[in-house]
Colleague: 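Questions regarding the structure given below will be posed in turn.
The first residue in the sequence is number 1, and the count goes up from there.
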Amino acid sequence: QVQLVESGGGLVQAGGSLRLSCAASGRTFSSYRMGWFRQAPGKEREFVAAISWSGISTYYADSVKGRFTISRDNAKNTVYLQMNSLKPEDTAVYYCAANLLASNSPRDHEYPYWGQGTQVTVSS
């Protein structure tokens, strides 16, 4: 089992950058594939990015491709989401999640472990 805690959210102007972090407990963090999801007010939760246990394989939603970068540091039990060129439509609560699947997944129901979320607000 793994416990996840996100941090790094905040208020930023459009065009700015933020880096989210997700710290994981447990000694088997490197076994988990990690994902970032987000949920805006009144909308369903949506996939943002995923990364393999090694960090070699990544997968992005079309809406963030070229602007966001997911990475991980297994020595620090942490996964990151670097967000550049932020837009007001990126405003949401961002969640990290973990699973033990064999490939990166954009489907939230395939992630059994979730953090509590961190708010990102992008002003126009």
Colleague: Hey, quick one: are Tyr59 and Phe68 part of the same hydrophobic cluster, counting side-chain heavy atoms closer than 4.5 Å, chains of contacts allowed?
Modeller: no
Colleague: Is there a side-chain contact between Val12 and Met83, using heavy atoms and a 4.5 Å cut-off?
Modeller: no
Colleague: Sequence neighbours excluded, which residues qualify as side chain to side chain contact (heavy atoms under 4.5 Å, CB included) partners of Ser25?
Modeller: Gln3
Colleague: Could you please spell out the steps behind the side chain to side chain contact (heavy atoms under 4.5 Å, CB included) verdict for Thr91 and Gln119?
Modeller: CA-CA 8 Å; Thr91 295; Gln119 176 71 46; 4.0 Å; yes
Colleague: Can you find a pair of side-chain heavy atoms, one from Arg38 and one from Val64, that are under 4.5 Å apart?
Modeller: yes
Colleague: Taking the side chain from Tyr60 and the backbone from Ile70, do they hold a donor-acceptor pair closer than 3.5 Å?
Modeller: yes
Colleague: Donor-acceptor pair, Glu6 side chain versus Gly117 backbone, under 3.5 Å?
Modeller: yes
Colleague: Are Arg72 and Phe29 in a cation-pi contact, defined as NZ or CZ under 6.0 Å from the six-membered ring centre and within 45° of the axis?
Modeller: yes
Colleague: At what distance, to the nearest 0.5 angstrom, does CG of Leu86 lie from OG1 of Thr121?
Modeller: 10.5 Å
Colleague: Determine whether Trp36 and Tyr32 fall in the same hydrophobic cluster, where Ile, Leu, Val, Met, Phe, Trp and Tyr are linked whenever their side-chain heavy atoms lie under 4.5 Å apart.
Modeller: yes
Colleague: Between Lys87 and Asp90, is there a salt bridge with N-O shorter than 4.0 Å?
Modeller: no
Colleague: Would a distance-only check, ignoring hydrogens and angles, find a side-chain to backbone donor-acceptor pair under 3.5 Å from Asn74 to Ser54?
Modeller: no
Colleague: How long is the straight-line distance from SG of Cys22 back to CG of Asn77, given to the nearest 0.5 Å?
Modeller: 10.0 Å
Colleague: Can you check whether Gly8's main-chain N or O pairs, donor with acceptor, with Tyr94's side chain at less than 3.5 Å?
Modeller: no
